[in-house]
> 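The structure is given below, and queries will be raised subsequently.
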Amino acid sequence: MGVIKGSISLATNFEPLSRKEYLEKRWRVAPNFATERERDAVFDIYEWYERAKKKRGDIDQADRMIKVMKAFETFKSSDTKEDRNFEKKIRRVLDEIYVDEVQDQRASEIGMLLRLVGCPWGIHFGIIFPIFYPLLLVLASH
């Protein structure tokens with residue numbers, strides 16, 4: 001789902017990938033599902049998940065992120081001065097954001113975080129590389 005729904009942006013009109021677009025993506029985008037048959041099955045599961053979610057009236061993290069991004073874009077592109085000022089005020093609320101385990105975030109989530117902070121220098125991403133993890137355990141024990 002991270003590839004199908006996580007690829008949304010203003011450029012995609014905040015819509016998830018279609019089956020055709022997903023199947024045409026290079027296998028490196030989702031290396032665990034390299035064959036077309038596997039990727040087709042993944043898309044079937046995605047469609048089932050979306051139907052079940054809708055039937056229950058649920059939303060997930062990706063849906064919330066899409067709603068926030070759409071709202072930001074609506075305020076930013078509004079003809080009303082108050083809307084544009086509101087969008088700017090929201091961006092001024094957060095000076096800095098710290099994100100741990102950035103590799104677990106979708107590109108669209110990172111894009112949203114970058115839009116929430118008024119200055120791009122105010123976002124800090126953390127990652128622990130597996131090769132350094134044993135070293136961190138040793139250092140922590142002393």
Side-chain angles (χ1 to χ4, degrees), residues 1-80 82-141:
M1 208 172 67
V3 173
I4 298 168
K5 237 175 153 172
S7 300
I8 68 104
S9 69
L10 177 60
T12 65
N13 204 21
F14 300 105
E15 293 296 322
L17 296 176
S18 68
R19 181 181 297 267
K20 182 177 184 285
E21 291 168 325
Y22 177 65
L23 293 175
E24 288 175 351
K25 289 277 183 195
R26 293 183 50 184
W27 68 270
R28 288 187 177 155
V29 174
N32 291 332
F33 309 107
T35 70
E36 186 171 336
R37 182 177 176 199
E38 290 171 333
R39 293 162 72 82
D40 202 43
V42 167
F43 205 90
D44 287 342
I45 294 167
Y46 162 75
E47 289 178 324
W48 172 86
Y49 169 77
E50 289 295 318
R51 282 191 306 273
K53 191 177 61 168
K54 186 176 182 177
K55 184 178 180 182
R56 291 186 187 104
D58 290 340
I59 64 170
D60 59 18
Q61 181 178 346
D63 294 328
R64 284 188 292 277
M65 190 270 314
I66 291 167
K67 287 178 183 286
V68 169
M69 293 295 286
K70 281 182 175 180
F72 265 124
E73 194 53 39
T74 299
F75 286 121
K76 186 177 179 179
S77 62
S78 174
D79 292 335
T80 308
E82 290 82 15
D83 288 348
R84 291 190 311 274
N85 287 339
F86 180 71
E87 188 264 343
K88 289 177 185 174
K89 284 180 184 178
I90 289 175
R91 290 177 49 127
R92 281 189 242 143
V93 170
L94 299 171
D95 293 323
E96 294 185 78
I97 295 178
Y98 293 84
V99 181
D100 191 21
E101 301 292 332
V102 71
Q103 73 275 9
D104 295 336
Q105 306 301 312
R106 295 176 182 99
S108 53
E109 292 167 337
I110 293 170
M112 180 188 69
L113 293 172
L114 288 168
R115 300 237 359 231
L116 285 173
V117 179
C119 173
W121 297 108
I123 190 157
H124 309 280
F125 297 112
I127 184 170
I128 295 180
F129 293 99
I131 193 167
F132 297 122
Y133 190 70
L135 176 62
L136 291 174
L137 291 177
V138 171
L139 293 173
S141 68

> Between atom NZ of Lys89 and atom CD of Glu82, what is the distance when rounded to the nearest 0.5 Å?
9.5 Å
> Please round to the nearest 0.5 Å and tell me the distance separating atom CG of Asn85 and atom CD1 of Ile90.
11.5 Å
> Calculate, to the nearest 0.5 Å, the distance between atoms NZ and CD belonging to Lys76 and Glu73 respectively.
6.0 Å
> Treating Ser78 as the side-chain partner and Thr80 as the backbone partner, does any N or O pair qualify as donor plus acceptor under 3.5 Å?
yes
> Measuring from His124:NE2 to Asp100:CG, what's the distance to the nearest 0.5 Å?
13.5 Å
> Considering residues at least two apart in sequence or located in another chain, which fulfil the ring-ring contact (aromatic ring centres under 6.0 Å, His included) criterion with Tyr46?
Phe43
> Tell me whether the count of non-hydrogen atoms from other residues, nucleotides or ligands lying under 6.0 Å of CD in Glu36 goes above 12.
no
> With rounding to the nearest 0.5 Å, note down the distance linking CD in Glu24 to CG in Leu17.
10.0 Å
> Which value, rounded to the nearest 0.5 Å, describes the distance between Ile4 atom CD1 and Arg39 atom CZ?
8.5 Å
> Any non-hydrogen side-chain atom of Asp44 less than 4.5 Å from a side-chain atom of Glu47?
yes
> For Val117 and Asp95, which heavy atoms make the closest approach, and how far apart are they?
CG1-O, 3.5 Å
> Could I get the full list of ring-ring contact (aromatic ring centres under 6.0 Å, His included) partners for Phe86, not counting sequence neighbours?
Phe75
> Could you pull out all residues at least two apart from Thr74 that satisfy side-chain hydrogen bond (donor to acceptor under 3.5 Å, both in side chains)?
none
> For Arg64, enumerate each residue passing the side chain to side chain contact (heavy atoms under 4.5 Å, CB included) test, keeping only those at least two apart in sequence or located in another chain.
Ile59, Gln61
> With sequence neighbours excluded, what pairs up with Lys53 under the side chain to side chain contact (heavy atoms under 4.5 Å, CB included) test?
Lys5, Tyr49, Glu50, Asp58, Asp60, Asp63
> List the residues meeting side-chain hydrogen bond (donor to acceptor under 3.5 Å, both in side chains) with Lys55, not counting sequence neighbours, and say none if there are none.
none
